[in-house]
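Start at 1 and go down the list; that is how both ligands and their atoms are numbered.
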Amino acid sequence: MSFPAGPIWLVGCGNMAGAMLRRWLAEGLDPAQVTVITRSGTRAPEGVRSLTALPIDETPAILMLGFKPQQLNDIAPTLAHLNPAILLSILAGVEEQTLAAQIPAGAVVRLMPNLPVAIGQGVTALYTRSPDSAVRDAAEALARPLGLAPWVDDEARFDAVTALAGCGPAFVFRFIDAMAQAGIGLGLAPELAQQLALATVDGAGAMAITADAAPSVLADRVASPGGSTREGLNVLDMNDALKRLMADTLKASERRNREMAQAARG
Ligand SMILES: NC(=O)C1=CN([C@@H]2O[C@H](COP(=O)(O)OP(=O)(O)OC[C@H]3O[C@@H](n4cnc5c(N)ncnc54)[C@H](OP(=O)(O)O)[C@@H]3O)[C@@H](O)[C@H]2O)C=CC1
Ligand SMILES: O=C(O)[C@@H]1CCC=N1
């Protein structure tokens, strides 16, 4: 699947949009197709046109929004005249209808990426109301080089998808850090504890992806009866401690996505 033709503009290109763009360029997107518009004019990859204001008398085929959801109401009026064929949004929470009402476009597609897209091992969920297969193909052609690219049929579920996969890397990074800290607490040198935590999460994740059994079953395979893993799992499982913590974590993120959607609706 090749990249869509025509000019691609990114309004906002920070941690997330920047990671997507770097991956696209590494996978062969022509930098001459791309214009990045930010306030500072910094951080655009080499070969990409970087501007601090919209070009005059030009319009992109694809316009991607990469700024914060809280900025939509200020920035949208400046984009309303462009009328791109496809408007892509990575804004957490903000709904397709809110976007379509503020920025006219042939079609609106919501993307929810996560940071590992930088290495092609991310998740980029997609949602659109458009039945146009050319629109869906173009969005997929951009999402696929980033990693897993599932379509979500029900926009009401997009906040949950965002909480799990969009925010998820932060929760995993915290978990890795907590494992390392716990190792340090048992007397390991900090560098060794971090190496062990990172390699263990990396190996366990890679194994779980290709395994013939669910992660819950794999956990039991590590735990020999009467052994030390079971003692540790008993702590995580007591009163469903880890499950409850993760449920509360995702609920808080999902709720915040809904709040940002509400604020953008006005
Ligand atoms: N970080 C993540 O893991 C994820 C983020 N997202 C979404 O991505 C979006 C961006 O988040 P993130 O990358 O973390 O944020 P950053 O703060 O890293 O990036 C924000 C970008 O917006 C630019 N910007 C700010 N104001 C304007 C303006 N008026 N006109 C043009 N550009 C502007 C900033 O550049 P400058 O200051 O130079 O203008 C910067 O490039 C959010 O909507 C978020 O919901 C989605 C999934 C995951
Ligand atoms: O924190 C945020 O709002 C964004 C949404 C998903 C990840 N980061």
Side-chain angles (χ1 to χ4, degrees), residues 8-24 34-45 48-56 60 63-82 84 87-96 98-99 102-103 108-127 139 142-143 146-150 152 155 157-175 249-265:
I8 301 176
W9 293 7
L10 274 55
V11 182
C13 190
N15 289 318
M16 192 61 252
M20 298 166 80
L21 177 56
R22 282 193 300 279
R23 178 67 183 173
W24 288 332
V34 183
T35 299
V36 164
I37 300 121
T38 58
R39 286 173 307 190
S40 62
T42 58
R43 295 168 74 181
V48 164
R49 178 168 68 158
S50 175
L51 303 174
T52 53
L54 292 175
I56 297 166
L63 176 66
M64 186 170 103
L65 310 181
F67 46 79
K68 298 286 186 189
Q70 295 86 339
Q71 296 179 291
L72 179 69
N73 293 328
D74 288 336
I75 297 177
T78 70
L79 307 175
H81 63 288
L82 290 173
L87 177 68
L88 296 180
S89 168
I90 63 168
L91 276 53
V94 183
E95 294 145 312
E96 189 191 32
T98 304
L99 295 160
Q102 299 202 38
I103 307 175
V108 179
V109 182
R110 290 183 64 187
L111 301 179
M112 186 42 58
N114 65 12
L115 271 190
V117 302
I119 55 168
Q121 294 185 42
V123 174
T124 306
L126 303 103
Y127 171 79
L142 287 166
L146 306 178
L148 185 69
V152 175
E155 190 176 16
R157 297 278 76 80
F158 220 67
D159 289 340
V161 168
T162 301
L164 177 54
C167 310
F171 308 146
V172 175
F173 295 145
R174 271 282 200 281
F175 180 77
T249 302
L250 262 60
K251 268 188 212 157
S253 291
E254 187 196 33
R255 185 172 60 243
R256 182 65 191 138
N257 290 324
R258 278 201 304 274
E259 288 168 1
M260 291 192 291
Q262 171 69 38
R265 256 182 251 139

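- For Q121, there are no side-chain hydrogen bond (donor to acceptor under 3.5 Å, both in side chains) partners, not counting sequence neighbours.
- Closest heavy-atom contact between L111 and L126: CD2-CD2, 3.5 Å.
- For atom 6 (C) of ligand 2, a protein heavy-atom neighbour is found at a distance under 4.0 Å.
- In this structure, the side chains of Q102 and N73 come closer than 4.5 Å at one or more pairs of heavy atoms.
- Protein heavy atom closest to atom 8 (N) of ligand 2, with residue, atom name and distance, is G166 O, 4.6 Å.
- Crowding of R174 atom CZ: a count of heavy atoms from other residues, nucleotides or ligands under 6.0 Å not exceeding 12.
- The nearest pair of heavy atoms linking S40 to T42 is OG-OG1, 2.8 Å.
- Shown here is R258, whose CZ atom has more than 12 heavy atoms of other residues, nucleotides or ligands within 6.0 Å.
- Among protein residues, V11, G12, C13, G14, N15, M16, I37, T38, R39, S40, G66, F67, K68, P69, Q71, I75, I90, L91, A92, M112, P113, L115 come within 4.0 Å of ligand 1, judged on heavy atoms.
- Distance check for atom 2 (C) of ligand 2: every protein heavy atom is found at 4.0 Å or beyond.
- Between I37 and W9, the shortest heavy-atom contact is CD1-CE3, 4.0 Å.
- Side-chain atoms of N114 come within 3.5 Å of backbone atoms of V123 as a donor-acceptor pair (strictly under, hydrogens ignored).
- Counting the atoms of ligand 2 from 1 in the order shown, those under 4.0 Å from a heavy atom of A92 are 5 (C).
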